[in-house]
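Residues take their numbers from the sequence shown, with the count starting at 1.
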Amino acid sequence: AGVVPGSAAAAARLETEDVIVRLGSEEIGNTGELSRFLIAHPPGETVEVVFYRGNEERSVQLTLGERPAG
């Protein structure tokens, strides 16, 4: 949906159009799977994020943060 300024995703330099396909060892195929992963893993955990930016596969280490309120 977007990258919240000040979030862990913003700190990892993810962009709104990036498509996340894996977090850690878990494949991510849709927003429901993304939400379930984030609920199941605590803030402070560091995971590898594999994503596509355009046609290029990229990865970055990201330390999960608190979910934004609202």
To the nearest 0.5 Å, what is the distance between CD on E57 and CZ on R22? 7.0 Å

Separation of E45 CD from L62 CG (nearest 0.5 Å): 10.5 Å

Any chain of hydrophobic side-chain contacts (each under 4.5 Å) joining V47 to V19? no

Group every Ile, Leu, Val, Met, Phe, Trp and Tyr by side-chain heavy-atom contacts under 4.5 Å, then state whether L14 and V50 land in the same group. no

Exactly one of L23, L64, I28 should register a side chain to side chain contact (heavy atoms under 4.5 Å, CB included) with V49. Which one does? L23

Looking only at heavy atoms, the pair that brings V4 and A10 closest together is O-CB, 3.5 Å

Would you say E17 has more than 12 foreign heavy atoms packed within less than 6.0 Å of its CD? no

Spell out, yes or no, whether L34 and V21 are grouped together once hydrophobic residues are joined by side-chain heavy atoms under 4.5 Å, including indirect joins. no

Nearest heavy-atom neighbours spanning A8 and G65: CB-N, 3.9 Å

Surrounding CZ of R58 (heavy atoms of other residues, nucleotides or ligands, distance under 6.0 Å), is the total greater than 12? yes

Just how far is it from atom CZ of R36 to atom CG of N30, taken to the nearest 0.5 Å? 6.5 Å

Minimum heavy-atom separation for A12 and Q61, please, with both atom names. CB-O, 4.4 Å

List the residues meeting salt bridge (Lys or Arg N to Asp or Glu O under 4.0 Å) with E27, not counting sequence neighbours, and say none if there are none. none

Can you tell me which residue pairs pass the ring pair (Phe, Tyr, Trp, His ring centres under 6.0 Å) test with a partner in residues 38-66, sequence neighbours excluded? F37-H41

